[in-house]
Amino acid sequence: MCRHTPPCPTAEAPDRDAALPVAHHPEQGWTLLCNQVLIFDDTGELLPDGTVIAPRRPLATPAGSGT
């Protein structure tokens with residue numbers, strides 16, 4: 001249970017990534033948040049119930065497309 005004030009978002013909340021880090025291992029590419037969500041440097045996530053959230057990567061735009 002989160003003891004921060006205000007409390008961190010739960011693992012089920014859409015803003016779950018806003019929870020405070022409790023362990024950070026940049027050499028291994030992951031951070032454990034207060035809500036027990038593991039976030040990875042590639043933006044993927046592992047939720048406490050074992051659900052995998054795929055990395056969120058921006059779509060590439062073709063060169064010269066003007067957008």
Residues two or more places apart in sequence or in another chain: which of them pass salt bridge (charged side-chain N to carboxylate O under 4.0 Å, His left out) with Asp42?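 Expected list: Arg57.
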Under a 3.5 Å distance rule, please check whether Asn35 uses its side chain to pair with a backbone N or O of Pro9 as donor and acceptor.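 The answer is yes, because a donor-acceptor pair under 3.5 Å joins these two groups.
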Any side-chain heavy-atom pair from Gln36 and Arg16 closer than 4.5 angstrom?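 No, every pair of side-chain atoms sits at 4.5 Å or beyond.
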Within the structure provided, determine whether Thr31 and Phe40 are in side-chain contact (heavy-atom separation under 4.5 Å).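 With C-beta onward as the side chain, the pair stays apart.
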Contacts of Gln28 that satisfy side-chain contact (heavy atoms from CB on, under 4.5 Å) - sequence neighbours left out: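 Result, side-chain contact (heavy atoms from CB on, under 4.5 Å) vs Gln28: His25, Trp30.
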Shared-cluster residues of Ile39, by chain and number - hydrophobic side chains joined below 4.5 Å: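 Direct or chained contacts put Ile39 with Leu33, Val37, Leu47, Ile53.
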Which heavy-atom pair separates Glu45 from Asp17 by the least distance, and what is that distance?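 It is OE2-OD1, 2.6 Å.
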For a quick test of reading the model, state the closest non-hydrogen atom pair linking Ala19 to Cys34 and the distance between them.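 Closest heavy-atom pair between Ala19 and Cys34: CB-N, 4.3 Å.
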Side-chain heavy atoms under 4.5 angstrom apart, residues restricted to Ile, Leu, Val, Met, Phe, Trp, Tyr: same cluster for Leu32 and Val52?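 Per the 4.5 Å side-chain linkage, Leu32 and Val52 are co-clustered.
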